[in-house]
Amino acid sequence: MVAVRVLLYIVDEDKVHAGTTDCNACPAKVPVLLYDTSKDQVAKGLALMDKLLDKDAKKGALQSADAKEARERVTVVDSLTALRDVGMTVEAVSENLRLKQAIFSELAATLPPSAILATNTSSISVTKIAASTLQPGQSAASEEGKATASRVVGLHFFNPVPVMKLVELIPGLQTSSETLQTARSFALACGKEVTMSKDVPGFVSNALLMPFINEAIMCLEKGIATRDDIDKTLKLGMNHPMGPLQLADFIGLDTCLAIQQTLYQGTADSKYRPSVLLERMVDAQWLGKKNGKGFYDYPSA
Ligand code: 3HC
């Protein structure tokens, strides 16, 4: 396995269909296996779950017993082979096609043929990811090949996932209607609303958001306004919860750049060309909130 963070949420498909909505913090109530190549990321993820469940229990939004049960539904596993009996996976690694292809190839070979393989990609072609599930010698035109790739789907959650209400659903060219329906049911069982996008670079969400963020960075680069005035304009003038520069830090500047590169390469449209300032900031390893330095400083990161 490549030494890059790999995060997979695994759920049982039968429970997806039986998802109930009587618990605010954990509406789907599905057992989850969590796999990540980084132990640090696992520890961080579990600590965040504990903190959020604890906060909801203290606020009375959740019974303590429900919070405890929700936490107990998550089991950490230390290898992909531990996923061999699951009904569905959601991959959430960084925006790197090669890495995703390697993971999907392994998942397709490991999981039962009925399992759904979802990707949380923000911009990369679901069709390309699906094609990587074909095993050596398997033809995309054969019945087996079609069945293999038909279970891949884009299931794009938004950050912070417990707060944001949307999941964007993206079928690849090969995705079957059954896969699409199960993925939609899962998102609804998680308490989310669903929109659909064709498999184009960035889908609807990032084809709109990334040029906006990039334009804000170019405003800063050209000295049109200060960082604070750019963000304040959008916060107070347009009621955005965060200004675009703060949002870029929040998403991660490396992630913004990777998405913008996918948009630019996938469309050859100069309107998607990433700003030089964004490229330089990523060169400097200023990645935003996650490592303490972006357009703003985050001393506690
Ligand atoms: N995880 C879980 N919950 C969080 C959280 C996090 N990281 N950050 C904040 N919250 C919760 C808080 O606990 C609080 O919950 P409560 O009301 O139950 O107490 C609630 O969100 C509000 O938090 P705060 O009062 O601390 O702060 P704000 O009111 O400023 O809200 C915010 C924080 C929800 C992050 C808000 O600033 C916001 O909506 N920002 C924009 C987020 C956004 O645009 N996300 C999309 C990013 S793009 C993306 O994900 C796509 C990808 O492909 C790039």
Side-chain angles (χ1 to χ4, degrees), residues 7 9 23-27 41 44-62 66-67 70-71 74 90-97 100 118-126 129 154-170 187 190-195 197 199-214 216-217 231-232 234-236 238-263 266 272 274 278 282 287-290 294-296 298 300-301:
L7 190 59
Y9 302 94
C23 161
N24 286 337
C26 48
Q41 291 297 340
K44 268 190 186 171
L46 295 177
L48 181 63
M49 282 178 217
D50 286 339
K51 188 176 144 195
L52 293 173
L53 287 167
D54 191 45
K55 187 196 71 174
D56 278 354
K58 281 194 176 121
K59 265 190 354 187
L62 188 64
D66 286 338
R71 184 59 184 75
V74 180
V90 182
E91 161 276 321
V93 302
S94 52
E95 284 294 276
N96 177 323
L97 175 63
K100 287 183 192 283
T119 171
N120 187 46
T121 179
S122 305
S123 60
I124 294 174
S125 163
V126 174
I129 296 172
L155 202 58
H156 183 201
F157 289 82
F158 291 79
N159 194 14
V161 175
V163 179
M164 304 305 279
K165 296 201 179 346
L166 187 69
V167 169
E168 194 174 35
L169 189 60
I170 307 110
C190 290
K192 304 297 183 191
E193 301 220 9
V194 176
T195 55
S197 171
D199 185 20
V200 296
F203 321 129
V204 168
S205 56
N206 281 317
L208 294 174
L209 177 64
M210 286 302 152
F212 164 63
I213 286 179
N214 201 37
I217 301 172
D231 276 356
K232 198 171 177 182
L234 273 297
K235 276 174 81 173
L236 303 189
M238 285 83 185
N239 259 1
H240 288 202
M242 284 176 166
L245 300 174
Q246 189 189 2
L247 181 57
D249 274 358
F250 182 72
I251 292 169
L253 301 188
D254 51 341
T255 302
C256 289
L257 181 60
I259 298 171
Q260 292 183 16
Q261 284 166 337
T262 301
L263 282 163
Y272 293 120
L278 177 62
V282 175
L287 305 183
K289 194 173 173 211
K290 66 179 145 194
F295 292 102
Y296 296 80
Y298 304 89
S300 58

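Order of listing sets the numbers, starting from 1, for every ligand and every atom in it. Throughout, numbering of the chain's residues begins at 1 and tracks the sequence.
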Got a second to check how far [X]'s [atom1] is from [Y]'s [atom2], nearest 0.5 Å?
| X | Y | atom1 | atom2 | answer |
| --- | --- | --- | --- | --- |
| Leu287 | Asp254 | CG | CG | 4.5 Å |
| Phe203 | Ile124 | CZ | CD1 | 8.0 Å |
| Asn206 | Leu263 | CG | CG | 7.0 Å |

[atom] within contact range, any protein heavy atom under 4.0 Å:
| atom | result |
| --- | --- |
| atom 23 (O) of ligand 1 | no |
| atom 26 (O) of ligand 1 | no |
| atom 37 (O) of ligand 1 | yes |
| atom 48 (S) of ligand 1 | yes |
| atom 12 (C) of ligand 1 | yes |
| atom 1 (N) of ligand 1 | yes |
| atom 31 (O) of ligand 1 | no |
| atom 20 (C) of ligand 1 | no |

Counting heavy atoms only, which part of [X] comes closer than 4.0 Å to ligand 1: side chain, backbone, both or neither?
| X | value |
| --- | --- |
| Leu52 | side chain |
| Asn206 | side chain |
| Leu247 | side chain |

Where is the nearest protein heavy atom to [atom]: which residue, which atom, and how far?
| atom | answer |
| --- | --- |
| atom 43 (C) of ligand 1 | Met164 CE, 3.5 Å |
| atom 14 (C) of ligand 1 | Lys55 NZ, 3.8 Å |
| atom 17 (O) of ligand 1 | Lys59 NZ, 4.1 Å |
| atom 7 (N) of ligand 1 | Pro160 CB, 3.5 Å |
| atom 52 (C) of ligand 1 | His156 NE2, 3.6 Å |
| atom 54 (C) of ligand 1 | Ile251 CG2, 3.6 Å |

Quiz prompt | Distance-only polar pair, side chains of Thr262 and Glu95, donor-acceptor under 3.5 Å | solution = no

Quiz item: Can you find a side-chain donor-acceptor pair between Glu91 and Thr119 that sits under 3.5 Å?
Solution: yes

Side-chain heavy atoms of [X] within contact of [Y], under 4.5 Å:
| X | Y | answer |
| --- | --- | --- |
| Leu169 | Leu155 | yes |
| Cys190 | Val167 | no |
| Leu209 | Ile251 | yes |
| Pro201 | Tyr272 | no |
| Leu253 | Phe295 | yes |

Hey, is [X] one of the residues with a heavy atom under 4.0 angstrom from ligand 1?
| X | value |
| --- | --- |
| Leu209 | yes |
| His240 | no |
| Ser205 | no |

Quiz prompt | Min N/O separation Asn159 to ligand 1 under 3.5 Å | solution = yes

Self-check item: Any N or O of Asp56 closer than 3.5 Å to N or O of ligand 1
Solution: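 It does not: no N or O of Asp56 is found under 3.5 Å from an N or O of ligand 1.
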
Short question: side chain of [X], backbone of [Y] - any donor-acceptor pair under 3.5 Å?
| X | Y | result |
| --- | --- | --- |
| Asp249 | Tyr296 | yes |
| Lys192 | Met164 | yes |
| Glu168 | Val204 | yes |
| Asp231 | Gln246 | yes |

Quiz item: So between Phe158, Phe250, Phe157, whose heavy atom ends up nearest atom 51 (C) of ligand 1?
Solution: Phe158

Quiz prompt | Best match, Val163, Asn120, Val161: closest heavy atom to atom 3 (N) of ligand 1 | solution =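 The option holding the nearest heavy atom is Val163.
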
